[in-house]
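Heads up, the thing below is written out as structure tokens.
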Amino acid sequence: MKHSLYDPNNIFAKIIRGEIPCNKLDECPHTLTFLDINPQAPIHVLIIPKGSYVDMNDFSSRASIEEQAAFIAAIGRAAKLTGAFEGGYRIISNVGGFGHQEVPHLHAHLLGGESIGPIRLR
Ligand code: AMP
């Protein structure tokens, strides 16, 4: 089922379709994990569902339980595969205007490899 607000030409949709490359870390039938092109920490990967979901609002409303479970499992694998698991890390998913979301396809940022600092952003 497609979401009426989903833009199929967003950059992550193109990565999923193989139209543009990515530095892939991990993949499963429901998810893809790749390195962020502009890393904000020594470890910075993006975990995305392969389904067409704009953001966490959309995903949590429409995705199947299997897709939702796969997304969480992919985040857990990413922590282990990157080595972030031991030292600790931060997971962020920006939503909409207040969240400063740039790419309109759900993604979780996993940041680690050094202290990420306090959560307070202002
Ligand atoms: P957000 O503001 O949460 O939407 O973050 C979007 C993220 O996508 C940013 O951290 C970008 O550096 C990253 N990004 C944009 N284009 C690409 C790309 N082609 N490959 C990997 N990461 C990308």
Side-chain angles (χ1 to χ4, degrees):
M1 176 173 144
K2 282 220 158 164
H3 190 280
S4 56
L5 299 176
Y6 184 80
D7 171 13
N9 291 318
N10 78 75
I11 195 133
F12 293 171
K14 291 179 180 176
I15 287 175
I16 291 166
R17 291 196 295 268
E19 294 168 8
I20 64 168
C22 71
N23 284 310
K24 183 166 76 177
L25 177 74
D26 182 43
E27 186 171 14
C28 82
H30 292 300
T31 67
L32 181 64
T33 298
F34 51 95
L35 306 192
D36 194 291
I37 206 168
N38 183 22
Q40 302 299 307
I43 296 169
H44 187 175
V45 300
L46 301 172
I47 302 98
I48 68 173
K50 289 181 177 174
S52 300
Y53 300 104
V54 176
D55 56 22
M56 190 58 81
N57 290 344
D58 190 19
F59 186 70
S60 60
S61 301
R62 294 196 300 117
S64 67
I65 294 301
E66 188 178 336
E67 289 175 293
Q68 297 193 37
F71 188 62
I72 295 296
I75 292 172
R77 279 198 309 279
K80 290 181 179 158
L81 289 168
T82 57
F85 190 84
E86 295 296 334
Y89 53 92
R90 179 169 297 149
I91 299 160
I92 299 172
S93 189
N94 298 321
V95 177
F98 283 0
H100 285 256
Q101 181 179 5
E102 289 175 7
V103 179
H105 181 110
L106 173 63
H107 49 283
H109 298 256
L110 188 153
L111 298 144
E114 67 181 14
S115 174
I116 304 303
I119 188 68
R120 191 184 305 275
L121 298 177
R122 59 179 178 157

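Please read all numbers here as calculations on a predicted model, not as lab measurements. Side chains are part of it too, since the values below use all heavy atoms of this structure and drop only hydrogens, waters and symmetry mates. Ligands are counted one by one from 1 in listed order, and the atoms in each one are counted from 1 as well.
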- request: If you have a sec, work out which protein heavy atom is nearest atom 8 (O) of ligand 1 and how many Å separate them, to one decimal?
  value: Phe12 CZ, 3.4 Å
field: Shortest non-hydrogen contact between Ser52 and Asp58, atoms and distance
entry: O-OD2, 4.0 Å
task: With heavy atoms under 4.0 Å as the rule, classify the contact between Asn94 and ligand 1 as side chain, backbone, both or neither.
output: side chain
task: Assign the ring pair His109 / His44 to parallel, tilted or perpendicular, where the plane angle (0 to 90°) is split at 30° and 60°.
output: tilted
Leu46: numbered ligand 1 atoms lying under 4.0 Å from its heavy atoms: 8 (O), 13 (C), 22 (N)
statement: If you scan protein heavy atoms around atom 22 (N) of ligand 1, the nearest is Ile37 N, 3.1 Å
Ligand 1 to Val103 polar contact by distance, N or O atoms, under 3.5 Å: yes
task: State if Ile92 counts as touching ligand 1 under the rule of any non-hydrogen atom under 4.0 Å.
output: no
Common cluster, Leu25/Phe71, ILVMFWY with side-chain heavy-atom separation under 4.5 Å: yes
query: So which protein heavy atom does atom 1 (P) of ligand 1 come closest to, and at what separation?
result: His107 NE2, 3.1 Å
message: At less than 4.0 angstrom from any non-hydrogen atom of His100, what atoms of ligand 1 do you find?
response: 2 (O)
- prompt: Counting heavy atoms not belonging to Glu19, are there more than 12 under 6.0 Å from its CD?
  reply: yes
field: atom 4 (O) of ligand 1 - nearest protein heavy atom and its distance
entry: Glu102 N, 2.7 Å
task: With heavy atoms of Leu35 as the reference, note each atom of ligand 1 found under 4.0 Å away.
output: 21 (C)
- prompt: With distance as the sole test, does His107 use its side chain to make a donor-acceptor pair with the main-chain N or O of Thr33 at under 3.5 Å?
  reply: no
message: Counting only heavy atoms closer than 4.0 Å, does ligand 1 sit against the backbone of Gln40, its side chain, both, or neither?
response: neither
task: Locate the shortest heavy-atom distance separating Asp7 from Asn10; write the atom from each residue and the value.
output: O-ND2, 2.7 Å
Side-chain donor or acceptor of Glu102 paired with backbone N/O of His100 under 3.5 Å: no
message: Regarding atom 11 (C) of ligand 1: of the candidates Val45, Asn38, Asp36, Leu111, which has the closest heavy atom?
response: Asp36
- prompt: Which atom pair, heavy atoms only, marks the closest approach of Tyr89 to Ala84?
  reply: CD2-O, 3.4 Å
message: Below 4.0 Å from ligand 1: does a non-hydrogen atom of His109 turn up there or not?
response: yes
- request: Could you list which atoms of ligand 1 come closer than 4.0 Å to a heavy atom of Phe34?
  value: 21 (C)
- request: Give a yes or no answer on whether the side chain of Glu67 reaches the backbone of His30 with a donor-acceptor pair at less than 3.5 Å.
  value: no
